[in-house]
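Quick note on labels: first sequence line is chain A, next is B, and so on, each numbered from 1. Just so we're clear, the structure is a prediction, and the values are computed from it rather than from any experiment.
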Amino acid sequence: MEKTYNPKDFEERIYRDWEEKGYFKAVRDDDKVPFTIMMPPPNVTGQLHMGHAMDETMQDTIIRFKRMQGYCALWLPGTDHASIATEVKVVEELAKQGIKKESLTREQFLEHAWAWKEKYGNRIIGQLKKLGSSCDWSRLAFTMDEKCSKAVREVFVNLYNKGLIYRGSRIINWCPCCKTALSDAEVEYSEEASNFWHLKYFLEGSDSEGVVVATTRPETMFGDTAVAVNPADERYKAYIGKNVILPIINKPIPVVADEHADMTFGTGCVKITPAHDPNDFEVGLRHNLPVVKVMNDDGTMNELTGKYNGMDRYECRKAVVEELKALGNLVKIEPHAHNVGHCYRCHTSVEPIVSKQWFVKMQPLAKPAIAAVYDKKTTFVPERFAKIYYNWMENVKDWCISRQLWWGHRIPVWYCPDCGKVICSKTDPDCCPDCGSKNIYQDEDVLDTWFSSALWPFSTLGYPDDTSDLEYFYPTDVLVTGYDIIFFWVARMIFSGLEHMRKVPFRDVLIHGLVRDEQGRKMSKSLGNGVDPLVVIDKYGADSLRFSLLQGVAPGNDTRYSDGKVEACRNFMNKVWNASRYVIMNCQGRTIKPVSEVKLTPADKWIISRLQSAIRDVTLMLNKFELGIACQIMYDFMWSDFCDWYIELTKPALWSDDEARKDGAVSVLYFVLDNALRLLHPFVPFITEEIYQSLPGTQGSIMVAPFPRYNSKLAYKKEANAFAGVMEVIKAVREVKVETGCAPSKKVNVYLVTDAKRLIQSNAECICKLAGAECVKVISSQEEAGEKLITKVTSIGTLYIPMGELVDAEKERARLNAELDRVMGEIKRADGKLNNHGFISKAPKKLVDAEREKLNKFIEMRDKILSQLENL
RNA sequence: GGGAGCUUAGCUCAGUUGGGAGAGCAACUGCCCUACAAGCAGUGGGUCACAGGUUCGAGCCCUGUAGCUCCCACCA
């Protein structure tokens, strides 16, 4: 093995090897329990970012853990066609080549889109592999592949036949840039500074009397078909039923009474534009008002606006305000901030507009979806995200699913121009089933990209066919994703799964946060602060990146990426690497025995005990999806317990001439390392595999080796506890040496007055080695230690270390006094607790006893320090 | 308007059944000792936002306050 950890030497080779050996493949095995994760399909719009890297790492860690535990583990990968996002990208790409979308036929455009998908889809797959993702590539899916498309058709037709999909003219969100309808979820609101324009609409036949409406959208006035006032508003009662004249186009419109008008807001009079405002649309329905659309699809004004025809909506706003001012209709302008919706893909401000679109009726679907989470058929981790889910589901409106795009699943509906028949079909019809006309034509629109993503957990397993996979792997076990797509995706998968499979799609939803940049900002293209995972992998290795993305992260919380963190993890990898090198080097030519056949030293029992704790805790934390804590446990176990202590403790044995002793030490080292590697493997698969392969006696891949299981017989609680005393002595000697400014290389003599004579004697060699001592002797009184002593009181005894000229009486007094202070503090604390009647009577007996024991120990230490001070 | 989260060492963050405040980085001191200087040993540093409450005991549970962040709804 090389002296330093160099991931480039092996990561690619190992991944290829895993793939060739078929370890990623999940084949139904009825002797095993299935464990399934569906990868949230990354969009084929570009490449993976840090958020993906974290998401995939979490999934890979869980699936590797379950696979090693003996489950039939399936992690099914795939990509999403991302209808609108990809179409925007392809249009941009074509524009660079001077090609306009409008100049292409639908088929020509789709060819470009598929080429894009090939290129970027493959790039994403390459990135996933670099990360070490152990997904079953033989099942790689794409939301627009044959399987998924078949499921989309099935679902659409079924919902249509149940009356849960309908077509209608409704207010929808229109993106004038993408020129398509959007769902409510696809609109992002942000506050913008604007104005409240107070406009006077004169009463029909009057030059002075009228109502003043306050609006933020003066340019939509051409579409006004009424003015609403509150029926209880005394100020305007007289106007109800009369007409006012719409300025500029001089059109009479009625004043209607409607609760929608808030008497306390604005002027109390609202201009009603049913075609361009969701609330006004509702008012319009109540009062049977005409719907007048005054804008074109690209956000320009239409012919109904007279001279403003063709003008951009914002320019028109300015011009209309000017004209109204000139006409004397503008009463005042009031600054006013209000929320404006933007397209989540291109950030253009969306236009609420009446349009004929396809919708999914949500109420009947939402109800069981709410109940399922309420009944804990699906659990959110952390639980608080269930609230966000409920809140959305309980208030969800019908879902607009049609998009005026080309890239996506085309709506499976045909129209017959001859008899007016609407045909919704799973297969493409060639004529009208009613009149036999061949003139039928298909709906031009495609479906919202989330319509197909919603089916992901079962479409990828073969739905609508009754496949063996579907039966075995569905419902899946855990969905891992960010909180940002709970509405878009998680919620829709839940109601879709319930509706079409009669079962929730997953048992747990593990929600994670965003990966932010070093300053806590969202990583984004426009800020240019994104960090490419591949660049990081290239520099530090995939394992270091993975570990850094998991360590210290709490579920659902955002986390910050920093090179420093990755570097620290790389250092940890190097630590693991070198510890392994130490073990493997010492294994050369030795007989490795099972630990059950080794005469274990106290140190051996201590590390084996620590290992058992690590096994127990890591398993527990992984099962609770507490990956951050699990990582921390492994980090501490490997670095502190195994490397800093145990490896050092084995050196005396390994440097001795006692062959049996050497074999024993090596056997334990091997045992612990082997277990530790398997514990670590789910987190850092490459390095553990590389080392595992170098470990003598191992067979096959660590990927399919069993995950360690806690063994209570190896817990050695008492022994481990006793050994902590030895460690305390070692630390005490080290402290004394540093505090007295003794040269580190100088060996000191250590004398101990203690009851634990045997423990100290049997570990004397280790104490000497680790503490830098010449000898450790148990004595019965201080006199035996000689003169010029430094005293250190520990819980298992008092240490005396002759320091010769280095002993300064004053300094020693100060040092002892400081220690006395500390011990007195402890006594005060314990004493206080034990004098508390409530504590004695109500706290668990174990705790009270432990506290008592501590108090006695500290009192003993206090007395020793006091007598020491007297003798000084 | 409704809801959620955060506030812990100089910085970034952990802290899961309430039982003596932790890690990484940074700082300081001393060390190339045959796994590792991507290292070792040691040190300093925190009224766990604030105010109440529950409890024998609160960073953790409850109530309120402040600051920051986010989500949803919406004011024409």
Checklist entry - Would you say a side-chain N or O of A:Lys651 is under 4.0 Å from OP1 or OP2 of B:rA35? => result yes
Item to check | Rounded C1' spacing from B:rG59 to B:rC70 in Å | outcome: 23 Å
Checklist entry - In whole angstrom, what separates A:Phe572's CZ from B:rG24's P? => result 12 Å
Next on the checklist: Can you classify the ring geometry of A:Phe547 versus A:Phe683 as parallel (below 30°), tilted (30 to 60°) or perpendicular (above 60°)?
Outcome noted: perpendicular
Item to check | Side-chain N,O (A:Arg570) to OP1/OP2 (B:rA38) below 4.0 Å | outcome: no
Item to check | Touch class at under 4.0 angstrom, heavy-atom based, for A:Ala579 against every strand present | outcome: base
Checklist entry - Phosphate oxygens OP1/OP2 of B:rG57: is one of them under 4.0 Å from a side-chain N or O of A:Asn836? => result no
Next on the checklist: Looking at A:Lys565, I'd like to know whether one of its side-chain N or O atoms comes within less than 4.0 Å of OP1 or OP2 on B:rG24.
Outcome noted: no
Checklist outcome for this item: Encoded 5' to 3' (Watson-Crick or G-U under 3.5 Å; [ ] crossing; | other strand), RNA chain B becomes (((((((..((((.....[..)))).(((((.......))))).....(((((..]....))))))))))))....
Checklist entry - When all nucleic acid strands are considered with a 4.0 Å heavy-atom cut-off, which category describes A:Trp392: base, sugar-phosphate, or nothing? => result nothing
Next on the checklist: I want to verify a distance call: between B:rA73, B:rA14, B:rG19, whose nearest atom is closest to the A:Asn557 side chain?
Outcome noted: B:rA14
Checklist entry - Hey, do the aromatic rings of A:Phe488 and A:Tyr344 have their centres closer than 6.0 Å? => result yes
Checklist entry - Does A:Leu673 reach the side chain of A:Ser580, with side-chain heavy atoms less than 4.5 Å apart? => result yes
Checklist entry - In whole angstrom, what separates A:Ile840's CD1 from B:rG19's C1'? => result 14 Å
Checklist entry - Ring centroid separation for A:Phe686 and A:Phe10, is it under 6.0 angstrom? => result no
Next on the checklist: Which label fits A:Phe487 and A:Trp392: parallel for a plane angle under 30°, tilted from 30 to 60°, or perpendicular past 60°?
Outcome noted: parallel
Item to check | Nearest-neighbour nucleotide for the A:Arg581 side chain, B:rA4, B:rA35, B:rC31 considered | outcome: B:rA35
Next on the checklist: Please confirm whether the shortest side-chain N or O distance from A:Trp639 to OP1 or OP2 of B:rC40 is below 4.0 Å.
Outcome noted: yes
Next on the checklist: Would the base of B:rA35 count as contacting A:Glu648 through its side chain, where contact means a donor and an acceptor less than 3.5 Å apart?
Outcome noted: yes
Checklist entry - Does CD in A:Glu383 sit with more than 12 non-hydrogen atoms of other residues, nucleotides or ligands closer than 6.0 Å? => result no
Checklist entry - CD/A:Glu518 to OG/A:Ser562 distance, rounded to the nearest 0.5 angstrom? => result 5.0 Å
Checklist entry - Got a donor-acceptor pair under 3.5 Å from the side chain of A:Asn339 to the base of B:rC74? => result yes
Item to check | Check: B:rC36 base within 3.5 Å donor-acceptor of A:Lys575 side chain | outcome: yes
Next on the checklist: If the cut-off is 4.0 Å, is A:Lys3 near the phosphate of B:rG39, judged by side-chain N/O to OP1 or OP2?
Outcome noted: no
Next on the checklist: Please pick, from B:rU34, B:rC74, B:rG42, the nucleotide with the shortest atom-to-atom distance to any side-chain atom of A:Trp655.
Outcome noted: B:rU34
Next on the checklist: Let's see if you can work this out: which of B:rC56, B:rA14, B:rA38 has an atom nearest to the side-chain heavy atoms of A:Lys842?
Outcome noted: B:rC56
Checklist entry - Base, sugar-phosphate alone, or nothing: which one does A:Ile388 contact when heavy atoms must sit under 4.0 Å apart? => result nothing
Checklist entry - So, is the end of the A:Arg492 side chain (NZ or CZ) under 6.0 Å from the ring centre of A:Trp399 and within 45° of the ring's axis? => result yes
Checklist entry - Whole-Å distance between B:rA23 P and A:Gln551 CD? => result 12 Å
